[in-house]
Amino acid sequence: SAEAVNPSYALACDGSIFAVSEAGAGSGVYSFGYDSFSKTAELHQTGADPCFIMVYEGKYLMTADYSGGSISVFPIADGTLAPLMEQLKFEGSGPVSNRQESSHIHQLKVLPGRQGYILASDLGADVIRLIKVSCDASGLTHANGIEMNHVCDIPCPPGSGPRHLVFSEDGQYAY
């Protein structure tokens, strides 16, 4: 077994295991070797309470930071996480005061058929956020090699608190 503080979500990818630690101010992200479960990185640089992770283009780990209302990005090098390189923070609230007092990013999904775009479900603000992601492997265009820009919000019914998205097989519909 591998040690991590309140690992609420884990993902195996290319010989490594990545996990988030949903622990308030002490939240973070881990990487482990797949065969040995040895910890290769423990970084406490996410927004508060990350609850979802995804690997983007095989080079970046992105976290959906629930209480932090943010998306955090960490480079992956040889299966190990490097320090935080980008973070995009959101604001917003919804009509259900006990769970929508602020932005709560709950899940991230690549938008099918649209290179360079991701969707972020924001339970707290009743929106799906469209994010443009630009990567530059050389690091010459973007200081960190990656840049995220909030393009727009897709409204959801008031109080619905969107959490997860699933796309139809052809990518035409989101549910």
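As a basis for the values below, the full set of heavy atoms in this structure was taken, side chains included, without hydrogen atoms, waters or symmetry mates.
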Here the pair of heavy atoms bringing S16 nearest to Y34 is N-CB, 3.9 Å
* When you look at CG of D78, are more than 12 heavy atoms from neighbouring residues, nucleotides or ligands closer to it than 6.0 Å? -> no
Separation between OG1 (T80) and CZ (F74), nearest 0.5 Å, reads 14.0 Å
Is a side-chain N or O of D122 found less than 3.5 angstrom from the main chain of V127, in a donor-acceptor match?
no
Can you tell me how the ring of Y173 sits relative to the ring of Y175, calling it parallel under 30°, perpendicular over 60° and tilted otherwise? tilted
Hey, are the side chains of Y66 and V20 touching, using non-hydrogen atoms and a 4.5 Å cut-off? no
Here the gap from N149 atom CG to L130 atom CG, rounded to the nearest 0.5 Å, amounts to 11.0 Å
* Heavy atoms, side chains only, cut-off 4.5 Å: are C156 and I128 in contact? -> yes
Yes or no on side-chain contact (heavy atoms from CB on, under 4.5 Å) for H104 and D49, after CA distance, side-chain angles and deciding distance? CA-CA 9 Å; H104 294 308; D49 301 317; over 6 Å; no
Residues P112 and G171: closest non-hydrogen pair is CB-CA, 4.0 Å
Side chains of I146 and M62 in contact at under 4.5 Å (non-hydrogen atoms):
yes
**I76 vs L81, side-chain contact (heavy atoms from CB on, under 4.5 Å): CA-CA, chis, key distance, verdict** = CA-CA 5 Å; I76 301 170; L81 295 173; 3.9 Å; yes
Q. Any luck finding a side-chain donor-acceptor pair between T40 and S31 under 3.5 Å?
A. yes
Is it true that L11 and L43 fall in one hydrophobic cluster, defined by side-chain heavy atoms closer than 4.5 Å?
yes
Contact between Q115 and E57 at the side-chain level, heavy atoms closer than 4.5 Å - yes or no? yes
For atom CZ of R114, decide whether the heavy atoms of other residues, nucleotides or ligands shown that lie under 6.0 angstrom number more than 12. no
Rounding to 0.5 Å, atoms CD1 (I118) and CG (L165) come to a distance of 11.5 Å
Closest heavy-atom pair, Q100 versus L123, reported as atoms and distance to 0.1 Å, is NE2-O, 2.8 Å
* H150 vs I131 side-chain heavy atoms within contact, under 4.5 Å -> yes
Any luck finding a side-chain donor-acceptor pair between D170 and S168 under 3.5 Å? yes
Legend entry - Cluster check V166, L119: I/L/V/M/F/W/Y, side chain < 4.5 angstrom: no
| task | Give a yes or no on whether F18 and V110 share a hydrophobic cluster (residues Ile, Leu, Val, Met, Phe, Trp, Tyr; joining criterion: side-chain heavy atoms under 4.5 Å apart). | result | yes
Rounding to 0.5 Å, atoms CZ (R129) and CD1 (I105) come to a distance of 5.5 Å
CE (M148) and OG (S72) are apart, to the nearest 0.5 Å, by 7.5 Å
Which of P95, P155, P157 passes side-chain contact (heavy atoms from CB on, under 4.5 Å) with D126? Answer is P95
- Message: Within the structure provided, determine whether C51 and H106 are in side-chain contact (heavy-atom separation under 4.5 Å).
- Response: yes
When every non-hydrogen atom of S70 is compared with those of G47, the smallest separation belongs to OG-CA, 3.7 Å
Y30 and S21 have their tightest heavy-atom pair at CE1-CB, 3.5 Å
When every non-hydrogen atom of P50 is compared with those of S27, the smallest separation belongs to CD-CB, 3.4 Å
d(F52 CZ, K109 NZ) to nearest 0.5 Å is 6.0 Å
- Heavy-atom check, side chain of I71 versus side chain of F90, under 4.5 Å: yes
The residue among I53, T63, V29 that forms side-chain contact (heavy atoms from CB on, under 4.5 Å) with Y9 is I53
Handout entry: Cationic tip of K132 above Y117 ring, under 6.0 Å, 45° of axis
Key = yes
>> Assess the residue pair D65 and Q87 against the criterion (side-chain contact (heavy atoms from CB on, under 4.5 Å)); give the C-alpha distance rounded to whole Å, side-chain angles, the decisive distance to 0.1 Å, and a yes or no.
In response: CA-CA 10 Å; D65 307 328; Q87 191 172 69; 3.9 Å; yes
- Task: Please confirm whether the backbone N or O of S8 pairs with a side-chain atom of E22, one donor and one acceptor, at under 3.5 Å?
- Result: no
Hey, does M85 have a side-chain heavy atom less than 4.5 Å from the side chain of Y60? yes
Point to revise | Path from F32 to V5 over hydrophobic side-chain contacts below 4.5 Å | key: yes
Across all chains, not counting sequence neighbours, the ring pair (Phe, Tyr, Trp, His ring centres under 6.0 Å) partners of Y56 are none
